[in-house]
Amino acid sequence: MNVLIIYSHPNETSYNASIFQTVQKHLAPEHRVKIVDLYKENFDPVLRFDERHKRRDLLSWADQLIFIFPTWWSGMPAILKGFIDRVFVAGFAYQNGPRGPVGQLDGKAWIITTHNTPKIFLPFSQDYAKVLKSQILKPCGIKPVKMTQVTRVEYMSDRQRKEELEKIAQIAKRI
C-alpha cells in the first residue's frame with residue numbers, strides 16, 4: 001500500500017513529533033511510505049495558479065493519507081491549510097457538479113490531531129479534524145476517514161502520553 005503522511009508541526013521535540021515517529025515506526029514494512037513534512041521543507045502555503053507549484057502527484061500516488069497536526073486557535077496550522085488549498089483543487093480533487101462537489105480521488109485517510117482546548121471552550125471551537133474529514137476529504141472522494149484526537153496534551157502525565165502513543169501504534173499496525 002502507498003501511504004502518504006502529511007505532517008504539520010514546527011517543533012521536532014513536540015508530542016506531535018512523537019506521534020509522527022510512532023506512526024512511521026509501526027506501519028507495516030511492506031508499505032511504501034512518503035512523507036510531506038510541511039515545516040521541515042519550508043512549504044510555501046501561498047496559492048498560485050501555475051504548473052510549478054502543484055503537489056498532486058503525491059495525492060494520486062497514495063492509497064492511504066495520514067494527517068498529523070495540532071489544533072491551534074480552533075484551527076489547523078496555516079501551513080496545512082495552504083497545502084490543502086494548493087493541492088485539493090477543482091478539476092483535480094473534485095469536479096463541480098449540479099449538486100455540489102463530485103470527488104475525483106480514491107483512498108482512505110487517518111487524521112490525528114492534538115489540542116489543549118479547555119472544556120469550557122469546546123462547544124464554541126471548530127473541530128478541524130471533522131472539517132477536514134467532512135468538508136474536504138469526503139467531497140474529494142476520500143473515504144473512509146478515521147479520526148484520532150488527543151486532547152489536553154499539556155496536562156497529560158507521561159504515563160497518559162505513552163498510553164495514547166500505544167493506541168496510535170496499534171492503529172498504525174492495522175493499516
Side-chain angles (χ1 to χ4, degrees), residues 1-12 14 16-17 19-114 126-149 168 171-172 174-175:
M1 177 183 303
N2 295 334
V3 178
L4 177 63
I5 301 174
I6 302 151
Y7 175 64
S8 307
H9 200 288
N11 184 343
E12 294 178 7
S14 70
N16 274 260
I19 292 170
F20 178 49
Q21 293 161 4
T22 298
V23 168
Q24 290 178 79
K25 179 180 175 184
H26 290 91
L27 288 171
E30 64 268 12
H31 294 324
R32 291 164 303 286
V33 178
K34 292 186 181 181
I35 295 167
V36 175
D37 184 335
L38 296 172
Y39 284 96
K40 186 176 267 186
E41 71 176 57
N42 200 23
F43 180 79
D44 178 4
V46 176
L47 177 61
R48 293 184 174 84
F49 296 100
D50 61 23
E51 290 299 315
R52 192 175 132 247
H53 291 92
K54 293 181 180 177
R55 299 290 299 262
R56 300 174 188 169
D57 55 331
L58 292 173
L59 236 52
S60 297
W61 171 84
D63 302 306
Q64 169 80 51
L65 301 174
I66 301 174
F67 292 86
I68 303 170
F69 63 93
T71 299
W72 291 330
W73 291 105
S74 297
M76 65 180 65
I79 200 167
L80 177 58
K81 180 65 168 84
F83 177 84
I84 290 167
D85 288 348
R86 283 184 42 189
V87 178
F88 288 82
V89 296
F92 168 69
Y94 66 94
Q95 299 289 341
N96 287 311
R99 293 186 172 180
V102 178
Q104 303 297 300
L105 300 175
D106 293 318
K108 51 191 172 182
W110 179 22
I111 302 167
I112 308 168
T113 61
T114 61
Q126 277 281 34
D127 180 344
Y128 265 79
K130 288 181 183 173
V131 170
L132 180 57
K133 174 183 178 177
S134 301
Q135 297 176 16
I136 299 167
L137 298 177
K138 186 177 176 185
C140 291
I142 297 172
K143 56 187 173 202
V145 178
K146 176 167 184 50
M147 295 191 309
T148 300
Q149 293 187 348
I168 288 168
I171 295 168
R174 291 192 300 265
I175 290 178

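In this text, all values refer to a predicted model and were calculated from it rather than measured experimentally. These values consider heavy atoms only, across backbone and side chains, with no hydrogens, waters or symmetry-generated copies.
- Put simply, the residue from I66, L4, I5 that forms a side chain to side chain contact (heavy atoms under 4.5 Å, CB included) with V33 is I5.
- Paired with P77 under the rule side chain to side chain contact (heavy atoms under 4.5 Å, CB included), one option of P45, S8, P10 passes, and it is S8.
- In terms of modelled atom types and a separation under 3.5 Å, the side chain of N2 and the main chain of D63 share no donor-acceptor contact.
- Heavy atoms only, all atoms of each residue included: V89 and R86 are closest at CG1-O, 3.5 Å.
- Nearest heavy atom pair, residue L137 against residue A109, reads CD1-CB, 3.8 Å.
- Taking the ring-ring contact (aromatic ring centres under 6.0 Å, His included) definition, one finds that F43 meets it with F83, sequence neighbours left out.
- Residues I142 and I136 form no side-chain contact, since every pair of their non-hydrogen atoms from C-beta on lies 4.5 Å or further apart.
- When all heavy atoms are compared, the tightest approach of I171 to W110 is CG2-CZ2, 3.4 Å.
- For Y7, the ring-ring contact (aromatic ring centres under 6.0 Å, His included) partners two or more places apart in sequence, or in a different chain, are F20.
- The two atoms that bring V87 and R56 nearest to each other are O-CG, 4.3 Å, heavy atoms only.
- Considering every non-hydrogen atom in both H9 and P70, the closest pair reads CD2-CG, 3.5 Å.
- Across all non-hydrogen atoms, the minimal contact from A17 to E12 is CB-O, 3.4 Å.
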Check the pair F69, I111 against side chain to side chain contact (heavy atoms under 4.5 Å, CB included), reporting the backbone distance first and the verdict last. CA-CA 8 Å; F69 63 93; I111 302 167; 3.8 Å; yes
Trace of the side chain to side chain contact (heavy atoms under 4.5 Å, CB included) decision for L132 with I84: CA-CA 9 Å; L132 180 57; I84 290 167; 3.6 Å; yes
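- Between L80 and F67, the closest side-chain pair of non-hydrogen atoms falls below 4.5 Å.
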